[in-house]
2 protein chains.
Amino acid sequence: MTASGRPAPSRPTLSRDYIADAALSLIDADGLRKFSMRRLGTALGFDPMAAYRYFPHQEDLFDGVAAALFNEIDPDTLPWDGAWRALVEEYFTRLRDVLLRHPHAVTVFATRPVRSTAAIDTGVRMLERLRDAGFPPPQALRVVRCARDLTVGHALGVSVLRLGAASRSRRPAASSPEYNLLAEAADDTDIDDHFVLGLAALLDGLAHLVRT
Amino acid sequence: MTASGRPAPSRPTLSRDYIADAALSLIDADGLRKFSMRRLGTALGFDPMAAYRYFPHQEDLFDGVAAALFNEIDPDTLPWDGAWRALVEEYFTRLRDVLLRHPHAVTVFATRPVRSTAAIDTGVRMLERLRDAGFPPPQALRVVRCARDLTVGHALGVSVLRLGAASRSRRPAASSPEYNLLAEAADDTDIDDHFVLGLAALLDGLAHLVRT
DNA sequence: ACCTGAACACCGTTCAAGT
DNA sequence: ACCTGAACACCGTTCAAGT
């Protein structure tokens, strides 16, 4: 494929997608704090500035990372032909699963809108499906935005707690009786098991927006 | 109050709270990207390393900024004696309002748990109130976590869009008919008006957890 | 035309040197 | 004992110099 005659097993052909995937891998491995454009360039086997030939700014690269995360949802295999409720639950459950698989990258996803064509097409298709199910488009948009806010907020909160648990686990000693109520309740509930409950409750509460 | 006899109108007494408030002001004014420990020190009128005498790491300072944001909720004036539903709605509505007043600081709040005594006391009080209203404490904790996830996710999403709207407003031209459904729906809905709807729906859907 | 790395203007953090 | 700023090991980004 390459014009050069080198063996070059360590120098793949660069492209925006390839670089964005490599950036995500680097973030997964070492955390967002340690990520840098320079480290990415050398990790790719090129000079430290290599990524700049494809992404003029770090922000643009992070847009690509967010798009890569979105693609991991695999939106084409969603149950588009089923009930709106099952579609929305599956979509956002997948989004949560993807984000929790990449705890170091959740903030990258949460701090920018994903405007890739895949993301826009999926958004349009979701609105169409909800409209066909009886939601006026503005209400359908509100449903999707609410579910997205819950999902992203949840993934971010869980990731923050899981990543922080290793480093600074300064949970205060259960001394005061007041603290015990919170501590005991926390010990009895997994850190992430409220998502299914919350998403179901949210959609229950929003179902009445059909034909309003 | 100070031991020195200087006029010193520009050199206030430093303290952790004072520095955290100053850091929040600096973030509000110039954005999180431009914030630095050095800029904070000089903004306070001291040497660039001044903040390190009170916060050993930037992370600790950001914990203080998050605690300052929490205090802006003014939890003591919440309707603690009213219905659980009104209490939870007011609490998270205030949290949203605080965060939207500080769009540059939302990520600081969203990326760490607030473990100040004020935050813990408020959390315990909220659980007590929900328990008295009939929620078993683990379910009460799930209710609070769901509402927090929705609120933080919402504030983050809205802040990101508002801050990004000025700089890179690359919304594609409404060319394709497919795009129009999303664009038209977006034009007809404010970027943040789904929060009241979503929080109400969520709490509607969770109310059945009482006495389960 | 593409590639490379020196250079600029910054960071967070440490710590030796002052007072 | 407290304060200060030089110094270290980095950044993102630009751009002159190479090929």
Side-chain angles (χ1 to χ4, degrees), chain A residues 1-6 8 10-16 18-20 22-24 26-27 29-66 104-105 107-108 111-112 164 167-168, chain B residues 1-8 10-16 18-20 22-24 26-27 29-66 104-105 107-108 111-112 163-164 167-168:
Chain A
M1 214 51 147
T2 69
S4 87
R6 295 197 213 109
S10 62
R11 287 176 71 93
T13 309
L14 289 189
S15 69
R16 285 174 58 94
Y18 185 85
I19 294 173
L24 179 54
L26 210 54
I27 292 168
D30 299 339
L32 191 58
R33 285 279 147 54
K34 297 199 69 178
F35 177 85
S36 76
M37 299 295 280
R38 298 161 112 107
R39 273 166 54 88
L40 173 62
T42 55
L44 288 165
F46 290 78
D47 66 296
M49 305 296 113
Y52 282 105
R53 292 201 290 278
Y54 298 82
F55 298 94
H57 295 279
Q58 194 181 58
E59 288 288 292
D60 303 305
L61 172 62
F62 284 171
D63 289 345
V65 170
H104 286 291
T107 54
V108 174
T111 54
R112 70 203 69 240
S167 55
R168 40 182 188 153
Chain B
M1 213 51 151
T2 71
S4 85
R6 295 195 212 108
S10 61
R11 288 175 72 93
T13 309
L14 289 189
S15 69
R16 285 174 59 94
Y18 185 86
I19 293 172
L24 178 55
L26 209 54
I27 292 168
D30 299 339
L32 191 58
R33 285 278 146 56
K34 298 199 66 178
F35 177 85
S36 77
M37 298 295 280
R38 298 161 113 107
R39 273 167 52 89
L40 174 62
T42 54
L44 287 164
F46 290 78
D47 65 297
M49 304 296 113
Y52 282 104
R53 293 200 290 278
Y54 296 84
F55 297 95
H57 296 279
Q58 195 182 59
E59 287 288 289
D60 304 304
L61 173 63
F62 284 171
D63 288 346
V65 171
H104 287 291
T107 54
V108 175
T111 53
R112 71 204 68 241
L163 294 175
S167 53
R168 37 178 189 160

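Please read these numbers as outputs of a predicted model, since none were measured by experiment. We name chains A, B, ... by the order of the sequence lines, and we start the count at 1 in each one.
- The separation between B:Q58 atom CD and C:dG12 atom C1' is 7 Å, rounded to whole Å.
- The separation between B:F55 atom CZ and C:dT14 atom P is 16 Å, rounded to whole Å.
- Atom-to-atom, CZ of B:F46 to P of D:dC2 comes out at 14 Å; the value is rounded to the nearest Å.
- Rounded to an integer number of Å, the gap from B:L40 CG to C:dC11 P is 12 Å.
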| request: Carefully, step by step, assess A:L40 and A:F35 under the rule side chain to side chain contact (heavy atoms under 4.5 Å, CB included). | output: CA-CA 7 Å; A:L40 173 62; A:F35 177 85; 4.0 Å; yes
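- Pairing each heavy atom of B:M37 with each of B:A51, the nearest pair is CE-CB, 4.0 Å.
- In terms of position on DNA chain C, the residue among A:R38 and A:Y54 whose nearest nucleotide sits closer to the 5' end is A:Y54.
- Taking CZ from A:R33 and CD1 from A:I27, the interatomic distance works out to 12.0 Å, rounded to the nearest 0.5 Å.
- Within the nucleic acid shown, A:R39 comes within 4.0 Å of sugar-phosphate atoms alone, with no base atom in reach, counting heavy atoms only.
- We find that CZ of A:R33 is positioned 11 Å from P of C:dG12, with the value rounded to whole Å.
- Rounding to the nearest 0.5 Å places CG of B:D63 at 9.0 Å from CZ of B:F55.
- Following rounding to the nearest Å, A:D30 (CG) and D:dC10 (C1') show an atom-to-atom distance of 15 Å.
- B:R112 approaches B:V108 most closely through the heavy-atom pair NE-O, 2.9 Å.
- With respect to B:D47 and B:R53, a salt bridge is recorded, a charged nitrogen being found less than 4.0 Å from a carboxylate O.
- The side chain of B:Y52 approaches C:dT14 more closely than any other nucleotide in the set C:dT4, C:dT14, D:dT13.
- Regarding contacts with the backbone of C:dG12, every side-chain N or O of B:H57 stays at 4.0 angstrom or more from both OP1 and OP2.
- Side-chain atoms of A:D47 lie closest to C:dT4 of the nucleotides C:dT4, D:dA6, D:dT13.
- The CG-C1' distance, from A:L32 to D:dC11, rounds to 13 Å in whole Å.
- D:dG12 atom C1' lies 11 Å from atom CD of A:E59, rounded to whole Å.
- Using modelled atom types, one side-chain atom of A:R39 and one backbone atom of A:K34 make a donor-acceptor pair closer than 3.5 Å.
- Comparing atom distances between the A:R53 side chain and each of C:dT13, C:dT4, D:dC11 picks out C:dT4 as nearest.
- Ranking D:dG12, C:dC11, C:dA6 by closeness to the A:M49 side chain, first place goes to C:dA6.
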| Where does DNA chain C pair, written as one dot-bracket string 5' to 3', with Watson-Crick or G-U pairs under 3.5 Å, ( ) inside the strand, [ ] for crossing pairs and | for another strand? | ||.|||||...|||||.||
